[in-house]
Amino acid sequence: MDAPATFTLSFFRSFTLSLSLMSTPVRVRFAPSPTGPLHIGGVRTALYNYLFARKMGGQMLLRIEDTDQNRFVPGAEEYILEALRWVGIEIDEGQGTGGPHAPYRQSERRDIYQKEARRLVDEGKAYYAFDTAEELDAMRKRLEEANAPAAQYNAITRMQMRNSLTMKADDVRARMEAGEPYVIRLKTPRKEEVRLNDLIRGWVNVHSSAIDDKVLLKSDGLPTYHLANIVDDHLMGITHVIRGEEWLPSAPLHVLLYRYLGWESTMPQFAHLPLLLKPEGNGKLSKRDADLGGFPIFPLQWTDPVTGQVARGFREDGYLPEATINFLALLGWNPGTEQELFTMDELIASFELTQVHKAGARFDIQKAQWFNHQYIRQQPDTALAPAVQQQAEAAGFSCSPEKAEKIAALLKGRVNFAQEIFAEADTIFNAPTSYDEAIATAKWNDDAVKAVTAFRDALIPFDGEFVAETIKHTLSDAMTQAGIKQGKIMQAMRLALTGSGAGPDLMLTMEIIGQDETVKRLEKALDNLKVLKS
RNA sequence: GGCCGAUUCGUCUAGCGGUUAGGACAUCGCCCUUUCACGGCGGUAACACGGGUUCGAUUCCCGUAUCGGUCACCA
C-alpha cells in the first residue's frame, strides 16, 4: 500500500489478483453495441461485471460501442439503459451517467482513436492499406485455391497487397491527399508467442501467425472494436475486462495492441465468460429459440423500428427483476454452497470470478419460472394487489383494493407470474355458468343437495363477520345438525360454488366473494344441478 | 478446415487424489389437504472414451470423440 506501490502493483498484477486489488480500485465496464435490443446474455455479462465491481468496492462503467454506423439502430441505447436500470445494475460512470472520461459513446471519440492509430503507423507498428473489397476477396480466393494454411492478410501476404509497406511514400501521400479511401492495419509480427492469463481459464497461448493484420481504423475514419476497446479501456482506467467467450480468440490480438501502444504494464486482467446456449440442439442462444420456445431472451420487450416486429421481454412476460438476476447469476456461476435464492446484495457478497464455470450453459426457462415463483410468493399482498385490481377492472369487474389484496394472498402461492393470479381468480369473479361433469356425476348426490341446502339456510340469517373462520364454523354446525359428514360433501360444495372440482381454499373463496354471492351461487347450483345417481 | 476453449444426472451445477459423487430445476412416488396446486418427505438419474502418472483417479498429463467459439473495413 505504501511506498513501493507502483512497483509492487505492476509486478504482482499478472500473478496475484488479490494483491493488485488491494492497491488499485477496480474499474470494470459493460460495453454493448446499440445494434438492437440487449440480449439476455449481455445482461448476464453486465451483471457479472457489476457483481465483481461491487464486491471489490470498485466502479462500473457503461460505454456505448457504436463504431459501426451501418448497424446503428435507433432506440437501442435507450433500451440498454432501461434494461440495466430494470434489473438493478447501477452505473457509476459512463453513458447516461457522465463522468471524467466523457464522451462515453465511441462515435464521439474518433479523434482519440485516429491519433493512436497514426501513432502506431509512425512507430512502424501499423500501416496504411488501400486494397478494395474486390482485391481482398481475390486475395482470399487465390490463397484458398492454392491451399494456403490461412487465407488472411498477414506477415506473408501483406507484401503482395496495396499498402504503405509496398508502395512508395510519395504514392501513399498522393493517394491520401486525393481522398482515396484507406484503412490502417496492424503489422502483426510473424513469429511470436502471445500469452494471456485469463482469470477464469488460466493461461492461453496463441502464436502470432494465427493473428492476421486486423483493420484498426476503417475507411470511414472510425475504429474497429479492437482498437477502440483497447484505447478506451486504457484511457478509462479499466482494470478488468469481463466479456463473453466469443472474444477469446481475439484476446491475444488485444494483448499485442496493448504492447504496441506501450500500455502493457497497466493492461487489464481478462475474464472470458461462458456463453448461453440453446435450450436444446446445437449453438448459442438466439432470437429464433425465443420464438420457437415461447419464452423471452430479451430483458424488455422490443419493437423493431423497421419491421415493427415485437420481441417479448422478461419484464413484460411477468418476470420480476429479482428473479431474473437470480436466474442469470446462477447460469454459469455458483458460490459452492447450496443456497439457491440470492438478493443482489447476497450475490455481491458471494460472487467470485474464479468460480465462474468454463463451459457454456444451456438456457432453461423452466428454472427461470421457478425462480419467479419463489419471488412472487414472497411478495407482499399489497405489492401484487394493484395489478390484480387493474386486470379485474379492465375485464369489467369491480374490485376494491382490499378484495384484490385478499385475492393475491389466496393465490400467489399457486402461480409463477403475477398476471396469472387474475386468471386463477376466475371462479371468484365469475359465478359458474357450467359445472364440471365428472365431479357432478361423482359427487352431486342426495347428501350433497341436503348439505348445500342446509348450508344455504344457515347462511341466510347469518349476521356475524363473514370471514373464513366464521364461515367454517357455520358450515360445520350446519353439517352436524343435518347429520352429514363434512368431508363427504366438500367436493360438491366446491362444485356448487365454483363449478369446478379444484381450486384454492374454499372458506377464503367464500369470504372474498361475500355472503350474498355465496348464497346466490348455492341456490343457483340447487336449481341447475340434477342428481344423476343416488 | 485452421486456431482457441470446453466436457459431472435430461438441465443448471458442487467437487479441486481417497466422497454412499452433494444440491437445485424437471420427472416419478408418498404425505399434507375438502379438491387442484403450494409445501414437506423420498425415488429414478451423471463423472464422454482410451492411454498414462499414482498405492489410489471424477479430480493431474497425453491422445480420441463430441460440443462451443472464432477466422469481416460487425461488435
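Computed over heavy atoms, backbone and side chain alike; hydrogens, waters and symmetry mates excluded. Quick note on labels: first sequence line is chain A, next is B, and so on, each numbered from 1.
Nucleotide C67(B) is matched to G5(B) when pairs are restricted to Watson-Crick or G-U wobble geometry with both distances under 3.5 angstrom. Applying the Watson-Crick and G-U wobble criteria (two distances, each under 3.5 Å), A46(B) pairs with nothing in any strand. Under the Watson-Crick or G-U wobble criterion, with both distances below 3.5 Å, A14(B) is left unpaired in every strand shown. C41(B): Watson-Crick or G-U partner is G29(B), with both key distances under 3.5 Å. U54(B) is unpaired under the Watson-Crick or G-U wobble criterion, no partner having all donor-acceptor distances under 3.5 Å. Across every strand in view, U20(B) sits unpaired, with no contact that passes the Watson-Crick or G-U test at under 3.5 angstrom.
The P atoms of U58(B) and C9(B) are separated by 15 Å, rounded to the nearest whole Å. The C1' atoms of C49(B) and C55(B) are separated by 25 Å, rounded to the nearest whole Å. Taking the C1' atoms as reference points, U20(B) lies 15 Å from C47(B), given to the whole Å. Between G69(B) and C73(B), the two C1' atoms lie 22 Å apart (nearest whole Å). Comparing G23(B) with U44(B), their P atoms are spaced 11 Å from each other, to the whole Å. Here the separation of U35(B) from U19(B), taken at their P atoms, is 46 Å to the nearest Å.
Between Gln369(A) atom CD and U11(B) atom P the separation is 18 Å, expressed in whole Å. Rounding to whole angstrom units, CG of residue Leu216(A) and P of C74(B) are separated by 12 Å. A straight line from CD of Gln106(A) to C1' of C74(B) spans 13 Å, rounded to a whole angstrom. Protein atom CD1 of Ile439(A) is 7 Å distant from nucleotide atom C1' of U35(B), rounded to whole Å. To the nearest angstrom, P of C38(B) lies 18 Å from CG of Leu508(A). Computed from coordinates, the Leu248(A) CG to C3(B) P distance equals 15 Å when rounded to whole Å. Rounded to whole angstrom, the span from the NZ atom of Lys278(A) across to the C1' atom of U11(B) amounts to 16 Å. In this structure, His272(A) places its NE2 atom 15 Å from C1' of A6(B), rounding to the nearest Å.
Each of Ile421(A), Leu508(A), Leu384(A), Asp381(A) was checked for a side-chain contact (heavy atoms from CB on, under 4.5 Å) with Ile407(A), and the lone residue meeting it is Ile421(A). Remark: of the listed residues Lys125(A), Arg158(A), Arg185(A), Lys187(A), Arg158(A) is the sole one forming a salt bridge (charged side-chain N to carboxylate O under 4.0 Å, His left out) with Asp213(A). If you run side chain to side chain donor-acceptor pair (under 3.5 Å) between His272(A) and each of Glu245(A), Glu246(A), Arg243(A), only Arg243(A) comes through.
For Ser250(A) and C71(B), the shortest distance from a side-chain N or O to OP1 or OP2 is not below 4.0 Å. The phosphate of G39(B) has OP1 or OP2 within less than 4.0 Å of a side-chain N or O from His373(A). Look at Arg185(A) and you'll find a side-chain N or O under 4.0 angstrom from OP1 or OP2 of C73(B).
No side-chain donor-acceptor contact under 3.5 Å links Glu65(A) and Asn229(A).
Between C73(B), G69(B), U34(B), one nucleotide has an atom nearer to the side chain of Glu246(A) than all others, and that is G69(B). Residue Arg201(A) has its side chain nearest to G5(B) when only A37(B), A75(B), G5(B) are considered. Of all nucleotides listed (C38(B), U34(B), C36(B)), C38(B) comes nearest to the side chain of Arg377(A). The side chain of Trp247(A) approaches A75(B) more closely than any other nucleotide in the set A75(B), A6(B), C3(B).
Arg243(A) comes within contact range of no nucleotide atom at all, as no heavy-atom separation falls under 4.0 Å. Using a 4.0 Å heavy-atom criterion, one finds that Val183(A) contacts the bases of the nucleic acid, with or without backbone contacts as well. Residue Ala359(A) is classed as a sugar-phosphate contact, given heavy-atom separations below 4.0 Å to backbone atoms only. Note on Asn205(A): only backbone sugar-phosphate atoms sit closer than 4.0 angstrom, heavy atoms only; bases stay farther off. Here Arg71(A) lies in heavy-atom contact (under 4.0 Å) with a base. Heavy atoms of Gly501(A) sit under 4.0 angstrom from at least one base atom. Among the protein residues, His207(A) comes within range of no part of the nucleic acid, since none of its heavy atoms lies under 4.0 Å from any strand. In this structure, Asp198(A) reaches neither bases nor backbone, as no heavy-atom distance under 4.0 Å exists between it and the strands shown. Contact annotation for Pro34(A): no contact, since no heavy-atom pair falls under 4.0 Å across all strands. Residue contacts for Thr35(A): at a heavy-atom cut-off of 4.0 Å it reaches no nucleic acid atom on any strand shown. Heavy atoms of Gly332(A) sit under 4.0 angstrom from primed sugar atoms or phosphate atoms, though from no base atom.
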Q) How does protein reach along nucleotides 59-68 of chain B, written 5' to 3' as B (base within reach of a heavy atom under 4.0 Å), S (only sugar-phosphate), or - (no contact)? A) --------SS
Q. How does protein reach along nucleotides 41-50 of chain B, written 5' to 3' as B (base within reach of a heavy atom under 4.0 Å), S (only sugar-phosphate), or - (no contact)?
A. ----------
**Q.** Reading 5' to 3' through nucleotides 14-26 of chain B, protein heavy-atom contacts under 4.0 Å coded B for base, S for sugar-phosphate only, - for none
**A.** S-------SSBSS
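Leu62(A) is not listed as a side-chain neighbour of Arg29(A), based on a closest heavy-atom distance of 4.5 Å or more. Between Arg521(A) and Ile513(A), the closest side-chain pair of non-hydrogen atoms falls below 4.5 Å. Within the 4.5 Å cutoff, the side chain of Leu276(A) has heavy atoms near those of the Arg44(A) side chain.
The 12-atom threshold is exceeded at NE2 of His207(A), counting heavy atoms of other residues, nucleotides or ligands nearer than 6.0 Å.
Ser209(A) places no side-chain N or O within donor-acceptor distance of the main-chain N or O of Arg190(A), the cut-off being under 3.5 Å. Side chain of Arg377(A) to main chain of Val415(A): no donor-acceptor pair is present (N/O by atom type, distance under 3.5 Å, no hydrogens or angles).
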Q: Decide yes or no on side chain to side chain contact (heavy atoms under 4.5 Å, CB included) for Leu273(A) and Ile242(A), but give the supporting numbers first.
A: CA-CA 7 Å; Leu273(A) 268 23; Ile242(A) 304 167; 3.7 Å; yes
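Taking the six-membered ring where the residue is Trp, Phe314(A) and Tyr319(A) present tilted rings, their angle falling between 30° and 60°. Note: Trp333(A) and Phe351(A) have tilted aromatic rings, judged against thresholds of 30 and 60 degrees for the angle between ring planes. Classification of the His226(A)-Trp247(A) ring pair by plane angle, with boundaries at 30° and 60°, yields perpendicular. Between Phe130(A) and Tyr182(A), the two ring planes are tilted [angle within 30° to 60°].
We find that Asp212(A) and Lys214(A) are joined by a salt bridge, their nearest charged nitrogen and carboxylate oxygen being less than 4.0 Å apart.
In terms of position along RNA chain B, the nucleotide closest to Ala361(A) lies nearer the 5' end than the nucleotide closest to the other residue of the pair Lys218(A) and Ala361(A). Between Gly487(A) and Ala133(A), the residue anchored closer to the 5' end of RNA chain B is Gly487(A), taking for each the nucleotide with the nearest heavy atom.
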